[in-house]
Amino acid sequence: LETEISGVLSAGAAMFACAASATRGRAAELGQRLSDREADLEAASRAAAEVEQSLERSLLEQEDIRRKAAEAREACGRAISERDRIARAQKLRERVAAYEGDLIVSEERASAARVLYERATEQRNARRADLDRAREAYDRAAFGLADLQSGLEELHRRAHAHRTVRRCL
């Protein structure tokens with residue numbers, strides 16, 4: 001009977017050791033996944049910051065071009081009213097057309113930058129969600145490991161109590 005009880009206790013201890021090892025492995029894997037998600041989030045945040053800076057530059061450039069176009073239009077209006085400066089007025093009209101072409105290009109760039117910024121923001125939000133899920137999984141694994149270790153301690157305590165009782169008998 002003692003051999004059977006000892007065999008059961010050994011099997012139980014081996015089972016708990018295997019479960020503890022598996023839980024530690026899972027916790028390590030989830031820890032690595034958490035690290036990977038944090039790196040992905042960092043990369044997405046950097047990309048979003050770069051796109052945001054590009055958008056700001058495009059908007060500043062667009063505003064500068066608008067200002068220049070408005071100045072050119074104003075100069076063109078003055079030149080037209082002065083009949084003796086018709087040639088100069090023509091040149092100013094050409095400059096206005098060039099600025100308006102630049103403005104169209106700048107608006108297209110700003111639009112493209114907005115789209116990139118929105119994509120980067122969506123990506124960053126997705127990475128944050130992945131990171132949160134990875135943290136939750138890691139926490140669950142850590143709590144499972146703690147429960148397993150407490151079970152092992154209880155098993156050792158009971159085994160010791162059993163040996164003590166057996167010696168007394």
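Source: prediction; values computed, not measured.
Under the 4.5 Å side-chain criterion, counting only non-hydrogen atoms from C-beta, Glu42 is not in contact with Arg37. Side-chain contact between Glu118 and Gln123: absent, with no pair of heavy atoms (C-beta onward) separated by less than 4.5 Å. At a threshold of 4.5 Å between non-hydrogen side-chain atoms, the residues His156 and His160 do not count as touching. At least one side-chain heavy atom of Glu100 sits under 4.5 Å from a side-chain heavy atom of Arg73. Within the 4.5 Å cutoff, side-chain heavy atoms of Lys68 are placed close to those of Asp64. Within the 4.5 Å cutoff, side-chain heavy atoms of Asn125 are placed close to those of Arg128.
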Distance-only donor-acceptor pairs under 3.5 Å for side chains of residues 47-60, two or more places apart:
| unit_1 | atom_1 | unit_2 | atom_2 | d |
| --- | --- | --- | --- | --- |
| Ser58 | OG | Ser54 | O | 3.1 |

Could you list the donor-acceptor pairs under 3.5 angstrom formed by side chains in residues 9-26, with sequence neighbours left out?
| unit_1 | atom_1 | unit_2 | atom_2 | d |
| --- | --- | --- | --- | --- |
| Ser10 | OG | Ser6 | O | 3.0 |
| Thr23 | OG1 | Ala19 | O | 2.8 |
| Arg26 | NH1 | Glu29 | OE2 | 3.1 |

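Listed by chain and number, the residues in a side-chain hydrogen bond (donor to acceptor under 3.5 Å, both in side chains) with Arg114 amount to none (sequence neighbours excluded). Take Ser45 and apply the side chain to side chain contact (heavy atoms under 4.5 Å, CB included) test, not counting sequence neighbours, and it matches Leu41, Arg124. Arg133 meets the salt bridge (Lys or Arg N to Asp or Glu O under 4.0 Å) test with Asp130; sequence neighbours excluded. The salt bridge (Lys or Arg N to Asp or Glu O under 4.0 Å) check on Arg158 picks up Glu154, with sequence neighbours excluded.
Taken to the nearest 0.5 Å, the CG atom of Asp147 stands 11.0 Å off from the CG atom of Leu152. Taken from CZ in Arg67 to OH in Tyr99, the straight-line distance is 9.0 Å, to the nearest 0.5 Å. Put simply, CD on Glu63 and OG on Ser106 are 10.0 Å apart, with the number rounded to the nearest 0.5 Å. Separating the CG atom in Leu103 from the CD1 atom in Ile65 is a distance of 6.5 Å, to the nearest 0.5 Å. Here the CG-CD distance, from Leu30 to Glu136, works out to 12.0 Å after rounding to the nearest 0.5 Å.
A salt bridge between Arg109 and Glu61 is present, with a side-chain N of the basic residue lying under 4.0 Å from a carboxylate O of the acidic one. Between Glu153 and Arg157 no salt bridge is recorded (no basic side-chain N to carboxylate O distance below 4.0 Å).
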Checking salt bridge (charged side-chain N to carboxylate O under 4.0 Å, His left out) for the pair Asp139/Arg135: CA distance, chi angles, key distance, verdict? CA-CA 6 Å; Asp139 289 343; Arg135 282 185 179 152; over 6 Å; no
